[in-house]
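Worksheet: the structure to be examined is printed underneath.
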Amino acid sequence: MEIKKLEENVAIMGQPAPSALAELKQAGYAAIICNRPDDQAPGEPPLAPVAAEAERLGLQARYLPVVPGKITPADGAAFAALLDELPGPVIAYCRTGNRSETLWKLARGG
C-alpha cells in the first residue's frame with residue numbers, strides 16, 4: 001500500500017481493500033475520502049464495504065466521486081469542505097491517487 005503525504009494532515013493513495021483499513025487506522029488516520037465512482041473498474045470494491053469497515057474501525061468515511069478529466073472547481077471546493085469537516089489526518093483515494101491529488105490542489109487554491 002503506497003501512501004503519498006501531501007501535507008501534515010492529508011495523504012492520498014490508490015484504491016484500498018477494506019482489509020487494508022486497519023493498517024490505515026494503525027498509521028494514525030482518522031478519516032477517508034473516496035474519490036472513485038462505484039463500478040468504475042471491474043474488481044474494485046464499491047464504497048459500501050469500505051465505509052462499513054471504516055466505521056467498524058472508528059474511521060470516518062465520506063464519498064466525493066469524480067470522473068477523470070472532468071474535475072471542476074466546485075469539486076475542489078467540496079473537497080476543501082470535507083477537509084475542514086473531518087478529523088485529521090485524512091487519507092483520500094481513487095484508483096491511483098491522481099484525482100485525489102488534483103482535488104487537494106484545487107482545495108488549496110492550486
Side-chain angles (χ1 to χ4, degrees):
M1 176 168 44
E2 186 177 326
I3 295 173
K4 180 179 177 182
K5 195 168 186 177
L6 300 176
E7 63 183 54
E8 183 68 27
N9 282 318
V10 180
I12 59 168
M13 65 183 296
Q15 171 73 54
S19 61
L21 296 183
E23 188 177 332
L24 295 176
K25 175 75 172 180
Q26 285 181 325
Y29 291 97
I32 61 170
I33 301 172
C34 174
N35 299 129
R36 279 188 64 251
D38 279 351
D39 302 321
Q40 180 184 14
E44 296 288 337
L47 176 67
V50 176
E53 180 64 4
E55 183 178 326
R56 188 187 75 74
L57 293 168
L59 297 167
Q60 293 193 37
R62 297 293 185 277
Y63 188 49
L64 179 62
V66 293
V67 176
K70 296 183 179 180
I71 299 172
T72 67
D75 295 325
F79 192 80
L82 288 175
L83 293 178
D84 288 342
E85 168 195 332
L86 292 167
V90 173
I91 190 155
Y93 71 89
C94 55
R95 188 178 64 79
T96 64
N98 289 337
R99 279 173 279 173
S100 297
E101 185 168 7
T102 298
L103 287 165
W104 171 77
K105 287 177 181 177
L106 285 171
R108 296 302 187 234

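Note: hydrogens, waters and symmetry copies are ignored here, and every other heavy atom, side chains too, is used.
- Other members of a hydrophobic cluster containing V67 are absent, since no ILVMFWY side chain comes under 4.5 Å of it, directly or through relayed contacts.
- The shortest non-hydrogen separation linking L86 to V90 is CB-CG2, 4.0 Å.
- Clustering ILVMFWY residues whenever any of their side-chain heavy atoms sit less than 4.5 angstrom apart, transitively, puts I3 in the very cluster that holds I32.
- Of all heavy-atom pairs spanning C94 and G97, the tightest one is SG-N, 3.0 Å.
- One hydrophobic cluster, built from ILVMFWY side chains closer than 4.5 Å, holds both V50 and L57.
- Contact record, P87 with A31: O-CB, 3.7 Å, taken as the closest heavy-atom pair.
- Hydrophobic clustering (side-chain heavy atoms under 4.5 Å, transitive across Ile, Leu, Val, Met, Phe, Trp, Tyr) keeps L47 apart from L64.
- For residues 47-71, the salt bridge (charged side-chain N to carboxylate O under 4.0 Å, His left out) pairs, not counting sequence neighbours, are E53-R56, R62-E85.
- Applying the salt bridge (charged side-chain N to carboxylate O under 4.0 Å, His left out) definition to pairs two or more places apart or across chains, none involves residues 14-32.
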Using residues 99-110 as the side-chain source, report each donor-acceptor pair under 3.5 Å to any protein atom, sequence neighbours left out, with the distance given to one decimal.
| residue | atom | partner | partner atom | Å |
| --- | --- | --- | --- | --- |
| R99 | NH1 | Q40 | OE1 | 3.4 |
| R99 | NH1 | V66 | O | 2.9 |
| R99 | NH2 | Q40 | OE1 | 3.1 |
| S100 | OG | N35 | OD1 | 2.6 |
| S100 | OG | Y93 | N | 3.4 |
| S100 | OG | Y93 | O | 3.4 |
| E101 | OE1 | K4 | NZ | 3.0 |
| E101 | OE2 | K4 | NZ | 3.1 |
| T102 | OG1 | N98 | O | 3.1 |
| W104 | NE1 | E7 | OE1 | 2.8 |
| R108 | NE | E7 | OE1 | 3.0 |
| R108 | NH2 | E7 | OE2 | 2.9 |

Can you give me every donor-acceptor pair (side chain of residues 10-21, partner residue at least two apart or in another chain, under 3.5 Å) with its distance?
| residue | atom | partner | partner atom | Å |
| --- | --- | --- | --- | --- |
| Q15 | OE1 | R36 | NH1 | 2.6 |

Got a list of side-chain donor-acceptor pairs under 3.5 Å for residues 76-84, not counting sequence neighbours?
none

